[in-house]
There are 2 protein chains.
Amino acid sequence: MSVQERKQRERADRERLIVATARELAERQGWDAVTTRRLAERIEYSQPVLYSHFRGKREIIGAVALEGAAEMAAALRAATSTADGPHARVTALARAYLDFAARNPAVYDAMFELDGGLAFADEDTPEPLKDAFAALLESLGEVAGDGVHPGLFTEVFWAALHGLATLTRAGRLPPEYTERRTELLVDRLAML
Amino acid sequence: MSVQERKQRERADRERLIVATARELAERQGWDAVTTRRLAERIEYSQPVLYSHFRGKREIIGAVALEGAAEMAAALRAATSTADGPHARVTALARAYLDFAARNPAVYDAMFELDGGLAFADEDTPEPLKDAFAALLESLGEVAGDGVHPGLFTEVFWAALHGLATLTRAGRLPPEYTERRTELLVDRLAML
DNA sequence: TTGTTTGTCTAGCAGTGCTAGATTCGAATT
DNA sequence: AATTCGAATCTAGCACTGCTAGACAAACAA
């Protein structure tokens, strides 16, 4: 019985190794460099082993995305928890979001730019994704304003942050004014 | 001398055919389906012909992006020209932007999601891209508010629209509340 | 009619995601 | 301790990708 358990544990370890390696490789050299062959070589197994853990490359991206969502939720909550008052909280939230996207571009891509085969805005959306949205909602709900649905407001604010994050990273927006854009966004969108 | 001209004309025609075919194929079956082989087959030439017009697939995407930028600029100006007053103009602008993105997803991807090898926010940014941004600026500049740099305001508004467009199309935001999100965005961001 | 340039195509390279079938290994049974 | 058998793993290969060298043909100039 304990032999089976050990095997299960080793399997779980290897799965974590795959995800961590994919993430590291993507962060270092971009997702294009994450090929099944290279990934297999790094974990020192053959290609088919990957497919005994995941249906395909897409699912590996999805796994990285889920890991990232959990981390992002934690980062957002950490940032807002030390801020006093709604306005400061939202500012801290926006900064933390953009900071996460800038520091973990590959993970951010896995979450929002690439197809990781994950469901969104749906009842079978994975828990970490719902929780990341919930982390946004916690701080943004209190500044939605009277008569404005907190969820809807959060969606709009999130979309704005997402736009800033992606356009900046793609070189569409010059990065030096990020802070001023953030301030403008918060000042206008958040009520009081 | 006229023989050369005819040849040049035919070459230009074929180049347009390549771009139009790539765009149509991408719009119908997604950019993944736009392979050099398929594209060559559709224009009834061999693969290498593509490379006598463009450096590679990336440049073909770039060409579609430029075409799209010109069309988007025209669509934005058409929408704002019939609206009375700053607020109505900005609302019309936002709707037109999101509408363009929803109706031309492949073109929108070529412009903002894929790598078409184009420079952005730079002096050697192609004219159509600068002009599309200018079209945004024309309507948004007048609602930036006192002491707010019109360009910076336009960047933020644009980023918000971009976020709404991409998150909605990727299934991250339920599409049924698009209009309400648009209204909320315009009401909050635009001054007066 | 010849020679040369220009245009186009065939064939192929190195890479991709993914998988069928062979093989090796290790645990359980005799 | 040897044998069996099932699970784990690998080798080899498929069909595809973007891209290109070199062969060939057509159109022009001499």
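Throughout, protein chains are lettered first and strands after them, A, B, ... in sequence-line order, and every chain is numbered starting at 1. This structure is a prediction, so every number in the text was calculated from the model and none was measured.
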Counting only side-chain nitrogens and oxygens, does [X] get under 4.0 Å of the OP1 or OP2 atom of [N]?
| X | N | result |
| --- | --- | --- |
| B:Arg14 | C:dT8 | yes |
| A:Ser46 | D:dT9 | no |
| B:Tyr51 | D:dC19 | yes |
| B:Thr36 | D:dC19 | no |

Roughly how many Å is it from [atom1] in [X] to [atom2] in [N], rounded to a whole number?
| X | N | atom1 | atom2 | result |
| --- | --- | --- | --- | --- |
| A:Gln8 | D:dA8 | CD | P | 10 Å |
| A:Glu15 | D:dT9 | CD | P | 13 Å |
| A:Glu10 | C:dG26 | CD | P | 11 Å |
| B:Glu44 | C:dG7 | CD | C1' | 18 Å |
| A:Glu41 | C:dG15 | CD | C1' | 14 Å |
| B:Ile43 | C:dT8 | CD1 | P | 10 Å |
| B:Phe54 | D:dT20 | CZ | C1' | 18 Å |
| A:Tyr45 | D:dC10 | OH | P | 7 Å |

- [ ] Indicate, with a heavy-atom threshold strictly under 4.0 Å, whether B:Arg11 touches base, sugar-phosphate, or nothing.
- [x]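 Touches nothing.
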
Task: Sugar-phosphate only, base, or nothing, as touched by B:Arg38 at under 4.0 Å among non-hydrogen atoms - done: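 Since only primed, P, OP1 and OP2 atoms lie under 4.0 Å of B:Arg38, the category is sugar-phosphate.
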
Task: Passing candidate, ring pair (Phe, Tyr, Trp, His ring centres under 6.0 Å) with A:Trp158, options A:Phe153, A:Phe120, A:Phe112 - done: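 Option passing the ring pair (Phe, Tyr, Trp, His ring centres under 6.0 Å) with A:Trp158: A:Phe112.
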
Task: Salt-bridge contact B:Arg172-A:Glu155 (side-chain N to carboxylate O under 4.0 Å) - done: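 A:Glu155 and B:Arg172: not salt-bridged.
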
Open item on the list: Quick check for you: among D:dT9, C:dT8, D:dA21, whose closest atom lies nearest to any side-chain atom of B:Pro48?
Closed with: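 When the side chain of B:Pro48 is considered, D:dA21 is the closest of D:dT9, C:dT8, D:dA21.
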
Task: Selected nucleotide, minimal atom distance to A:Lys7 side chain, candidates D:dA8, C:dG17, D:dT9 - done: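 So the nucleotide nearest the side chain must be D:dA8.
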
Task: Donor-acceptor pair, side chain of A:Thr80 and main chain of A:Arg77, under 3.5 angstrom - done: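 Flag set: sc A:Thr80 to bb A:Arg77 pair under 3.5 Å.
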
Task: Under 3.5 Å donor-acceptor pair, A:Arg37 side-chain atoms to C:dG15 base atoms - done: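 No, the side chain and the base share no sub-3.5 Å donor-acceptor pair.
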
Open item on the list: At less than 3.5 Å, do the side-chain atoms of B:Gln47 and the base atoms of C:dC9 form a donor-acceptor pair?
Closed with: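 No.
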
Open item on the list: Let's go through A:Leu164 and A:Thr178 carefully: what are the C-alpha distance in whole Å and the side-chain angles of both, what is the deciding distance for side-chain contact (heavy atoms from CB on, under 4.5 Å) to 0.1 Å, and is it a yes or a no?
Closed with: CA-CA 8 Å; A:Leu164 286 175; A:Thr178 295; over 6 Å; no

- [ ] Let me know, please, whether A:Ala33 or A:Arg55 comes out on the 5' side of the other along DNA chain C by nearest nucleotide.
- [x]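 Comparing both residues, the 5'-ward one is A:Ala33.
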
Task: For the student: nearest non-hydrogen atoms of B:Leu152 and A:Arg180, plus distance - done: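 Looking at all heavy atoms of both residues, the closest pair is CD2-CB, 3.9 Å.
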
